[in-house]
2 protein chains.
Amino acid sequence: MSATPDQPRVLIVPAKQNLQDGLPSGPLLSEHRTLETALRSWVEQQTALKLGYVEQLYTFGDRDRTKGRARVKGHALSIAYLALVRDASPSRMDRAHWRDWYAYLPWEDWREGTPKALKIIEPTLKAWVRAGGPPLKQFRAERVEMTFGLASGAWSDERVLERYELLFEASLVPEAWRERSDEKAPARLAPGLPMVLDHRRMLATAIGRLRAKIKYRPVIFELMPASFTLLDLQKTVEALSGIRLHKQNFRRLVESEGLVEETGEVTTATGGRPARLVRFRQKVLVERPAPGVRLPGSKRVSP
Amino acid sequence: MSATPDQPRVLIVPAKQNLQDGLPSGPLLSEHRTLETALRSWVEQQTALKLGYVEQLYTFGDRDRTKGRARVKGHALSIAYLALVRDASPSRMDRAHWRDWYAYLPWEDWREGTPKALKIIEPTLKAWVRAGGPPLKQFRAERVEMTFGLASGAWSDERVLERYELLFEASLVPEAWRERSDEKAPARLAPGLPMVLDHRRMLATAIGRLRAKIKYRPVIFELMPASFTLLDLQKTVEALSGIRLHKQNFRRLVESEGLVEETGEVTTATGGRPARLVRFRQKVLVERPAPGVRLPGSKRVSP
DNA sequence: TGCCGTTATGCTAAGGCTGAGTATAACGGT
DNA sequence: ACCGTTATACTCAGCCTTAGCATAACGGCA
């Protein structure tokens with residue numbers, strides 16, 4: 001993944017077969033000593049991208065997950081990784097390209113208030129809740145409340161996977177209809193592009209993990225250029241977490257945690273008063289147990 | 001894993017070949033629909049244990065990790081899971097048994113102040129730091145400080161894996177000497193039992209994840225009986241996290257978060273004034289975004 | 001040149017939460 | 001009745017967070 005101050009991005013590989021997008025993936029060869037080595041060398045070979053921070057996410061191995069495109073019998077194991085890239089303009093990208101990740105999960109972007117996508121989903125989701133018998137109804141209502149927080153207004157930016165899985169269960173995403181040849185998907189699906197296989201689930205996993213991580217580890221700086229303004233940093237955090245932050249408090253936080261240091265330069269490119277350019281202060285890694293850009297408690301931008 | 005108020009436990013399977021302990025493991029068969037299904041049915045079959053909370057931890061796949069016991073060529077993939085069990089007395093345990101996890105990682109238990117094991121490790125670790133050239137020295141010193149916090153006294157209960165890996169790199173654990181047939185391990189190794197293959201690394205991963213998780217999800221109740229006293233709960237949390245907590249504040253936290261509710265009963269089994277028996281309050285799962293037993297900031301018990 | 005819009009940055013009051021400690025209650029045993 | 005022990009209630013000071021207000025420094029324009 002990569003990011004600009006206004007857009008979080010994921011590297012996409014269009015699949016030829018079924019016109020749907022997918023995540024980059026490659027085989028595990030015995031020439032690679034570790035899994036991470038395999039990942040890095042494979043990506044660099046394919047896209048000439050230099051991966052920065054890399055973290056294993058989850059291993060997907062349901063028996064029938066490759067149904068339809070099956071080249072293997074039994075379990076096809078996919079070990080998903082989250083990889084961050086600073087420079088968002090790869091030199092060799094024959095098939096791959098960057099794309100705003102909210103194209104796939106539009107209900108996750110609360111920067112401009114309640115997402116339109118969510119307003120579209122909401123009634124269908126409520127109908128799904130009502131469709132169950134009393135005990136099931138209760139259960140479903142609680143899950144919807146826990147993940148989307150429609151009633152209480154308690155949006156939790158990290159529950160990305162839980163929300164996607166709920167939509168899947170409620171048959172609101174096209175992926176849920178793939179294996180049912182007997183029925184047709186209803187007109188009222190959730191907005192957002194589907195992906196190949198379970199790749200949208202992987203994307204949701206990655207986003208959730210990244211949103212959680214930036215709060216206690218300075219991984220955000222893996223996505224920033226060498227020097228940047230505090231507003232750039234804030235905008236990037238907002239892009240990833242999908243929520244808006246209080247400007248003054250954000251700066252105080254970043255500075256009091258000692259996450260950045262002055263470069264001595266300023267930029268007038270921001271419009272108003274020139275902004276200082278700062279850079280990541282490596283030393284925090286030693287000083288503090290869990291440095292990161294803490295976000296305020298889960299809240300809506302506009303209630 | 002399971003726990004009593006004074007002991008966190010891990011299920012151990014003694015390996016016959018080399019007299020070392022190992023974690024339970026089994027093959028992934030094509031009859032299992034999902035990975036979790038495979039795990040549950042395999043464990044229940046082997047030990048008659050009913051697994052409660054289950055969470056995928058990490059997939060280990062370094063090419064040479066099964067070196068020596070290799071039955072496979074190339075990568076042997078092991079998908080490690082964290083599984084919690086409430087009832088710590090399985091009915092059918094031919095080879096498996098429960099064991100205090102601090103037998104394997106004794107430096108992780110700070111409940112009685114600075115662990116003896118750490119005092120033994122400390123000088124050897126310092127010697128390792130000094131052994132490098134200036135840049136390497138600096139790097140090593142920072143890593144030791146970050147993970148063990150010897151100088152600053154900042155112990156972070158979650159960095160279990162990082163600490164184990166540091167000891168591995170510093171060749172302070174027997175596992176690091178296995179593949180070096182040319183040299184003999186020194187007398188001054190870290191206390192703590194080694195395990196088969198990379199199982200101790202897996203154990204460290206599991207403990208770290210569990211310690212982190214109890215702070216924002218009520219997983220601790222997966223390890224408690226149906227009803228319990230607040231002190232039992234506190235002792236169990238202390239056992240898992242390896243640190244001691246302030247009693248009054250712990251109760252305030254648990255009650256104000258609405259994590260428990262009264263059963264109406266009391267027990268005199270505690271010695272002094274009878275204690276109320278409480279049970280987990282399921283409803284918090286819906287009410288709160290991230291309920292859990294928050295621990296105080298990383299601190300030493302005795303400075 | 002002086003005003004205006006815009007962004008950057010500094011600062012503070014109010015409220016909530018945390019860490020730490022004091023005080024009181026209720027049991028069993030002597 | 002007293003003592004040791006554990007349970008439980010309550011308080012207080014310091015710290016952190018939230019939400020604002022206030023001021024600074026640019027470019028553009030009348």
Side-chain angles (χ1 to χ4, degrees), chain A residues 5-6 153-154 215-216 227-238 243-278 288-303, chain B residues 5-6 153-154 215-216 227-235 237-238 241 243-278 288-303:
Chain A
D6 27 66
K215 290 172 197 162
Y216 61 96
S227 75
F228 47 87
T229 68
L230 289 177
L231 187 58
D232 281 344
L233 183 64
Q234 179 181 348
K235 290 281 179 197
T236 309
V237 170
E238 289 177 345
I243 55 176
R244 269 211 297 251
L245 305 172
H246 181 116
K247 184 164 171 172
Q248 292 90 330
N249 291 346
F250 179 83
R251 322 172 110 261
R252 182 182 52 193
L253 183 90
V254 169
E255 307 215 301
S256 70
E257 294 262 301
L259 288 167
V260 298
E261 62 190 5
E262 305 287 328
T263 61
E265 294 167 72
V266 291
T267 174
T268 57
T270 50
R273 171 174 169 176
R276 296 170 305 151
L277 284 171
V278 297
R288 301 192 154 253
V293 198
R294 268 173 289 152
L295 306 182
S298 31
K299 257 191 215 173
R300 295 212 171 187
V301 177
S302 50
Chain B
D6 29 65
K215 290 171 197 163
Y216 61 94
S227 75
F228 48 86
T229 68
L230 288 176
L231 187 58
D232 281 344
L233 183 65
Q234 179 180 347
K235 290 282 179 197
V237 171
E238 289 177 343
S241 64
I243 54 177
R244 269 212 294 253
L245 305 172
H246 186 259
K247 184 165 171 171
Q248 291 89 330
N249 291 345
F250 179 82
R251 319 171 112 262
R252 179 177 57 187
L253 183 90
V254 169
E255 307 215 301
S256 70
E257 295 263 303
L259 288 167
V260 298
E261 61 191 6
E262 305 287 327
T263 61
E265 295 168 70
V266 292
T267 175
T268 58
T270 50
R273 171 175 172 177
R276 296 170 303 151
L277 283 171
V278 296
R288 301 193 155 254
V293 198
R294 268 173 289 150
L295 306 183
S298 31
K299 261 193 210 171
R300 295 211 173 189
V301 178
S302 51

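Treat the numbers as computed from the prediction; the structure is a model and nothing was measured. Chain identifiers are assigned alphabetically (A, B, ...) following the order of the sequence lines, protein sequences preceding nucleic acid strands; residue numbering begins at 1 within each chain.
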Inset, instruction - Kindly point out which of C/dG10, C/dC27, D/dA25 is positioned nearest to the side chain of A/Glu255? - result: C/dG10
Inset, instruction - Take the protein atom CD of B/Gln234 and the nucleotide atom P of D/dT6, then report the distance between them rounded to whole Å. - result: 13 Å
Inset, instruction - Starting at atom NZ of A/Lys247, determine the distance to atom P of C/dG10, rounded to an integer number of angstrom. - result: 12 Å
Inset, instruction - Tell me which of B/Gly272 and A/Gly271 sits closer to the 5' end of DNA chain D, going by the nucleotide each one is nearest to. - result: B/Gly272
Legend entry - N or O in side chain of B/Arg251 less than 4.0 angstrom from D/dT8 OP1/OP2: yes
Inset, instruction - Return the nearest nucleotide to the side chain of A/Ala275; candidates are C/dA20, C/dG10, C/dA8. - result: C/dA8
Legend entry - Gap separating the CD atom of B/Gln234 from the CG atom of B/Leu230, nearest 0.5 angstrom: 9.0 Å
Legend entry - Whole angstrom value for the distance that separates P of D/dG20 from CZ of A/Phe250: 20 Å
Inset, instruction - For B/Glu262 and D/dT8, give me the distance from atom CD to atom C1', rounded to whole Å. - result: 11 Å
Inset, instruction - Provide, to the nearest angstrom, the distance between the CZ atom belonging to B/Arg252 and the C1' atom belonging to D/dA7. - result: 17 Å
Inset, instruction - Take the protein atom CD of A/Gln248 and the nucleotide atom P of C/dG10, then report the distance between them rounded to whole Å. - result: 11 Å
Inset, instruction - Could you pull out the closest heavy-atom pair between A/Pro5 and A/Thr236, with the gap in Å? - result: CA-OG1, 3.6 Å
Inset, instruction - Please state how far atom CG in B/Leu233 lies from atom P in D/dA7, giving the value in whole angstrom units. - result: 12 Å
Inset, instruction - Taking all non-hydrogen atoms of both residues into account, name the closest pair between A/Leu245 and A/Glu238 and its distance. - result: N-OE2, 2.8 Å
Legend entry - Separation of D/dC21 P from A/His246 NE2 (nearest whole Å): 10 Å
Legend entry - Quiz item: B/Arg273 side-chain donor-acceptor pair to D/dG4 base, under 3.5 Å: no
Legend entry - Derivation and outcome, side-chain contact (heavy atoms from CB on, under 4.5 Å), residues A/Leu277 and A/Thr229: CA-CA 5 Å; A/Leu277 284 171; A/Thr229 68; 3.9 Å; yes
Inset, instruction - Report which part of the nucleic acid A/Arg276 touches: base, sugar-phosphate, or nothing (heavy-atom distance under 4.0 Å, all strands). - result: sugar-phosphate
